[in-house]
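See structure below.
Below, chains carry the letters A, B, ... as their sequence lines are ordered, and counting in each starts from 1.
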Number of protein chains: 2
Amino acid sequence: MIKRSRPKDEILRILSVPDHHPTTEEIFAEVKSLLPDTGIATVYRNLEKLTSSGMIIKLERGSGSSRYDGNLVKHDHCVCKICGKTSDVWLNHGLGDKDLSDVVPGFEVSDYTLEFFGVCGECAKRKKN
Amino acid sequence: MIKRSRPKDEILRILSVPDHHPTTEEIFAEVKSLLPDTGIATVYRNLEKLTSSGMIIKLERGSGSSRYDGNLVKHDHCVCKICGKTSDVWLNHGLGDKDLSDVVPGFEVSDYTLEFFGVCGECAKRKKN
DNA sequence: GTCTCTGCAAATTGTTTGCAAACTG
DNA sequence: CAGTTTGCAAACAATTTGCAGAGAC
């Protein structure tokens, strides 16, 4: 059974901002600014609990701190290779409707992740100068 | 300038096996079985060098050791949520042909990753018993 | 009251780095 | 021989865990 707590409420509030995909470190910093004696372990434990109970989505990063998404409606993301900034992408590629179960023979597929990699607007501008 | 070496050659040989996506640890174990005094750092350094020179592809895993792919032809993967086994997926979703540059406005997209998650045949069988 | 959640510190995991010696072209 | 690569050990970064006390239902 999952109980409420101040840190958990704050995390959910932070992740309710549209198109916002903060890293664990960023979430920790924001929670700590409001609840100063929050430990990083609490943030990790809450993010894990919320993810496994399906209330938020974990965006696993290859390197660096994981990011999280509070929007449960299926969509994709684009990730800046330079600063790591992650934004929502709403593309109709048809995968969302497709019956994933027979996409791969002999594999019970239940979900997918589509990520675009590139350079975000700010980093592109910075590179020019 | 990138020079050849026994460990590097072994890594490339291991990754030339079709539909084989070993983790760093697995690659290390296989190289070490042939070249017993290979250090793990050598494997990491070679994988990084081969990846950045475009000779192999790194499959970043959210958790656990990264996997690598020696097949440079663009394709997708499916990943077993239980054992981590990763297999090639050749699907014509049209993304490969699409001009990625205008998939996301204000974002210079240069590449994408599509991964399916589910349960592989072996793990499905094991779960039944 | 019971079971979950918390802060803290220590432990783990996957990866990277500094160094002097060995190897490659 | 100049520049790259190696093994080793130590350093790192992100995350997880053990514990005793505080908090939620």
Open item on the list: Any side-chain N or O of B:T24 below 4.0 angstrom from OP1/OP2 of C:dT15?
Closed with: yes
- [ ] Provide, to the nearest angstrom, the distance between the CD atom belonging to A:E10 and the C1' atom belonging to C:dC5.
- [x] 16 Å
TODO: Walk me through it: do B:Y68 and B:I27 pass the test side-chain contact (heavy atoms from CB on, under 4.5 Å)?
DONE: CA-CA 9 Å; B:Y68 290 85; B:I27 294 169; 4.1 Å; yes
TODO: Check whether any side-chain N or O of B:S65 sits under 4.0 Å from OP1 or OP2 of C:dT15, and answer yes or no.
DONE: yes
Open item on the list: Under 6.0 Å from the ring centre and within 45 degrees of the ring axis: does the NZ or CZ of A:K74 meet both conditions for the six-membered ring of A:Y112?
Closed with: yes
Task: Separation of atom CD in B:E48 from atom C1' in C:dG14, rounded to whole Å - done: 15 Å
TODO: Find the distance B:I27:CD1 to C:dG14:P and express it as a whole number of Å.
DONE: 14 Å
Open item on the list: For nucleotides 17-25 of chain C, give me one character per nucleotide, 5' to 3': B if any protein heavy atom sits under 4.0 Å from the base, S if the only such contacts are to the sugar-phosphate, - if neither.
Closed with: BBB----BS
Task: B:P22 side chain reached by B:I14 side chain, heavy atoms, under 4.5 Å - done: yes
- [ ] Indicate yes or no: does A:E122 engage A:R126 in a salt bridge with an N to O separation below 4.0 Å.
- [x] no
- [ ] Measure from NZ or CZ of A:K85 to the centre of the six-membered ring of B:F107, then state whether that distance is under 6.0 Å and the direction lies within 45° of the axis.
- [x] no
Task: Rounded distance [0.5 Å steps], OG in B:S5 versus CG in B:L35 - done: 9.0 Å
Open item on the list: For the helix from C:dT12-D:dA14 to C:dG25-D:dC1, what angle separates the axis at the start from the axis at the finish, each from five pairs, in steps of 10°?
Closed with: 30°
Task: Euclidean distance, atom CG of residue B:L47 to atom C1' of C:dG14 [Å, nearest integer] - done: 13 Å
Open item on the list: Whole angstroms only, please: what is the CG-P distance between A:L34 and C:dT6?
Closed with: 15 Å
TODO: Decide whether B:K81 and A:S110 meet the rule of one side-chain donor and one side-chain acceptor closer than 3.5 Å.
DONE: yes
TODO: Answer yes if the side chains of A:D69 and A:H20 hold a donor-acceptor pair under 3.5 Å, and no otherwise.
DONE: no
Task: Phosphate OP1/OP2 of C:dT15 contacted by B:S66 side-chain N/O (<4.0 Å) - done: yes
Open item on the list: Rounded to whole Å, how long is the line connecting atom CD of A:E25 with atom P of D:dA13?
Closed with: 11 Å
Task: Short side-chain N/O contact from A:N46 to OP1 or OP2 of C:dT6, under 4.0 Å - done: yes
Task: Pair B:E48 + B:R45, salt bridge at N-O below 4.0 Å - done: no
TODO: Quick one: label B:T38 by what it contacts on the DNA or RNA (base, sugar-phosphate, nothing), any heavy atom closer than 4.0 Å.
DONE: sugar-phosphate
Task: Length of the CD1-P vector between A:I40 and D:dA14, whole Å - done: 10 Å
Task: Interatomic distance, A:Y68 OH vs D:dA14 P [rounded to whole Å] - done: 13 Å
